[in-house]
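Have a look at the structure below before the remarks.
Predicted model only: the values in this text are computed from it and were never measured.
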Amino acid sequence: MKGNVTRLYTPDNPAQLPAICGPQHRNLMKLEMALIDGKLEAESQGGSIRLSGSADAVGAAEATLAAFERMLKTNPQAGEDVFEGAIDQARAPAESYGSLTGLRVPVMPQTTTQSVYIDKLTRPETELVFGVGPAGTGKTFLAVAAGAAELRKKTKERLIITRPAVEAGENLGFLPGDLEEKVEPYLRPIWDALNEVLGPDQVERMREKKIIEVAPLAFMRGRTLKNAFVIMDEAQNATVGQTKMVLTRLGRDSRMVVTGDPGQVDLPKNTPSGLRHALGILEGVEGVGIVEFSARDVRRHALVSRIIRAYDRDSGPDR
């Protein structure tokens with residue numbers, strides 16, 4: 001076809017070629033489908049990948065492969081979901097894809113929305129950030145990583161993460177232990193994220209010194225959180241009063257991130273979600289940033305995105 005170009009993409013590390021192409025070359029097939037308007041053809045050839053199509057499509061394909069290769073260097077197990085994120089990066093070349101540095105490995109955004117989120121998480125003038133959307137979009141993990149990066153840079157003295165003790169119909173009163181022990185299993189994803197970005201040994205040391213604190217929402221009452229990075233996770237399960245209580249704990253030189261999925265509220269019927277209420281009244285307020293994720297940003301199994309879309313289509317006014 002007139003105007004088509006052909007170029008070879010050669011990985012910096014030839015041993016990574018199979019991972020870049022994916023099992024049965026599925027990554028290359030995804031690339032062709034994503035850039036179908038440019039009639040892209042991508043095939044492995046020797047130690048390179050042969051790219052043919054319009055100049056724009058070939059350029060976007062090269063950018064995708066380069067982005068994925070960088071991701072493989074920090075995450076050798078990166079699979080098809082991460083490759084889809086690399087495609088998103090290439091299709092939005094005007095976006096600035098910054099990363100969170102100073103951690104065990106740099107944390108890079110995998111979608112345009114994640115890039116916007118990281119930008120707001122690191123902007124000094126955005127002191128309250130809402131990250132809302134379905135599970136698997138990275139909203140909590142990136143907030144934890146941003147808070148950990150602030151600790152490593154010593155721009156914040158403490159990282160405080162809290163969440164309401166409401167989980168999918170579970171009655172915590174019947175579980176053994178005090179409130180902190182009861183809620184600990186629900187905080188496991190937070191500790192897993194911290195271990196990933198800081199390392200288990202450093203997390204344990206910071207936890208012992210109270211530099212890192214992960215606690216149920218009830219522990220926030222009456223406190224003023226100064227020079228801290230505060231994360232309120234699963235905020236859709238906080239009431240309006242609880243949400244106001246946490247938001248007003250913000251003290252001098254602190255930043256707060258509120259994460260949650262307005263579509264997964266586990267509060268009793270007729271109890272308004274504090275997250276929905278806060279989003280409605282705080283939009284446009286100076287110092288507040290709101291980032292909305294969608295099924296397109298899910299970076300788990302590709303089927304998860306399709307499941308979320310199916311539930312969204314089935315949602316009615318009474319659900």
Side-chain angles (χ1 to χ4, degrees), residues 71 74-78 81-82 98-110 114 117-118 120-122 128-133 135-165 167 177 179-220 223 225-235 237-238 246 249-250 253-261 291 293 297-300:
M71 293 171 182
T74 58
N75 178 14
Q77 305 304 315
D81 56 341
V82 178
S99 62
L100 296 168
T101 57
L103 304 169
R104 279 213 304 178
V105 294
V107 173
M108 297 181 62
Q110 297 178 17
Q114 288 189 357
Y117 189 46
I118 287 178
K120 291 190 182 297
L121 289 174
T122 53
L128 173 59
V129 179
F130 287 86
V132 296
T137 53
K139 57 188 184 295
T140 298
F141 176 79
L142 291 175
V144 170
E150 295 266 21
L151 290 183
R152 292 289 292 268
K153 292 185 292 185
K154 300 187 183 302
T155 51
K156 294 288 182 288
E157 293 179 353
R158 291 181 298 161
L159 171 59
I160 300 171
I161 306 168
T162 186
R163 65 187 299 181
E167 283 289 338
L179 181 58
E180 194 166 9
E181 290 170 330
K182 288 175 181 181
V183 83
E184 177 68 18
Y186 302 119
L187 299 173
R188 189 69 256 166
I190 301 295
W191 292 117
D192 289 343
L194 286 166
N195 288 338
E196 183 173 341
V197 298
L198 290 174
D201 292 342
Q202 187 167 25
V203 169
E204 188 58 33
R205 287 195 297 271
M206 289 183 170
R207 186 177 187 178
E208 290 174 357
K209 295 178 180 179
K210 302 296 184 183
I211 295 172
I212 293 177
E213 179 183 349
V214 180
L217 200 64
F219 284 26
M220 296 296 107
R223 302 177 63 179
L225 307 174
K226 298 177 182 178
N227 200 15
F229 194 104
V230 185
I231 300 171
M232 180 183 180
D233 190 36
E234 297 290 343
N237 289 328
V246 174
R249 298 307 94 197
L250 196 63
D253 298 324
S254 289
R255 177 194 298 275
M256 185 176 290
V257 185
V258 178
T259 67
D261 180 1
V291 179
F293 293 86
D297 299 298
V298 172
R299 285 296 168 257
R300 291 179 178 172

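- Between the side chain of Tyr117 and the backbone N or O of Lys139 there is at least one donor-acceptor pair closer than 3.5 Å.
- Side-chain contact between Met206 and Leu198 is present, with heavy atoms from C-beta onward closer than 4.5 Å.
- Rounded to the nearest 0.5 Å, atoms CZ (Phe229) and OG1 (Thr155) are 9.0 Å apart.
- The shortest heavy-atom contact between Arg223 and Arg249 is O-CD, 2.8 Å.
- With Thr162 contributing its side chain and Met232 its backbone, the two residues share no donor-acceptor pair below 3.5 Å.
- The CG atom of Asp253 sits 9.0 Å away from atom CD of Glu157, with the distance rounded to the nearest 0.5 Å.
- Considering every non-hydrogen atom in both Pro200 and Asn195, the closest pair reads CA-OD1, 3.5 Å.
- Using modelled atom types, no side-chain atom of Thr137 and backbone atom of Phe293 make a donor-acceptor pair closer than 3.5 Å.
- To the nearest 0.5 Å, atom NZ of residue Lys153 and atom OG1 of residue Thr122 are 7.0 Å apart.
- Closest heavy-atom contact between Ala143 and Val257: CB-CG1, 3.8 Å.
- Atom CD1 of residue Ile231 and atom CZ of residue Arg163 lie 12.0 Å apart, to the nearest 0.5 angstrom.
- Pro109 approaches Ile118 most closely through the heavy-atom pair CD-CD1, 3.8 Å.
- Between Leu100 and Ala146, the shortest heavy-atom distance links the atoms CD1-N, 3.6 Å.
- A search for salt bridge (charged side-chain N to carboxylate O under 4.0 Å, His left out) contacts involving Arg104 returns nothing, not counting sequence neighbours.
- Atoms CD1 and CD1, on Ile211 and Ile160 in that order, are 11.5 Å from each other to the nearest 0.5 Å.
- Smallest separation of non-hydrogen atoms from Pro164 and Ala238: CG-N, 3.9 Å.
- Exactly one residue among Leu194, Thr259, Val230 makes a side chain to side chain contact (heavy atoms under 4.5 Å, CB included) with Ile161. That residue is Leu194.
- In terms of modelled atom types and a separation under 3.5 Å, the side chain of Arg152 and the main chain of Leu103 share no donor-acceptor contact.
- Atom CH2 of residue Trp191 and atom CD1 of residue Ile212 lie 6.0 Å apart, to the nearest 0.5 angstrom.
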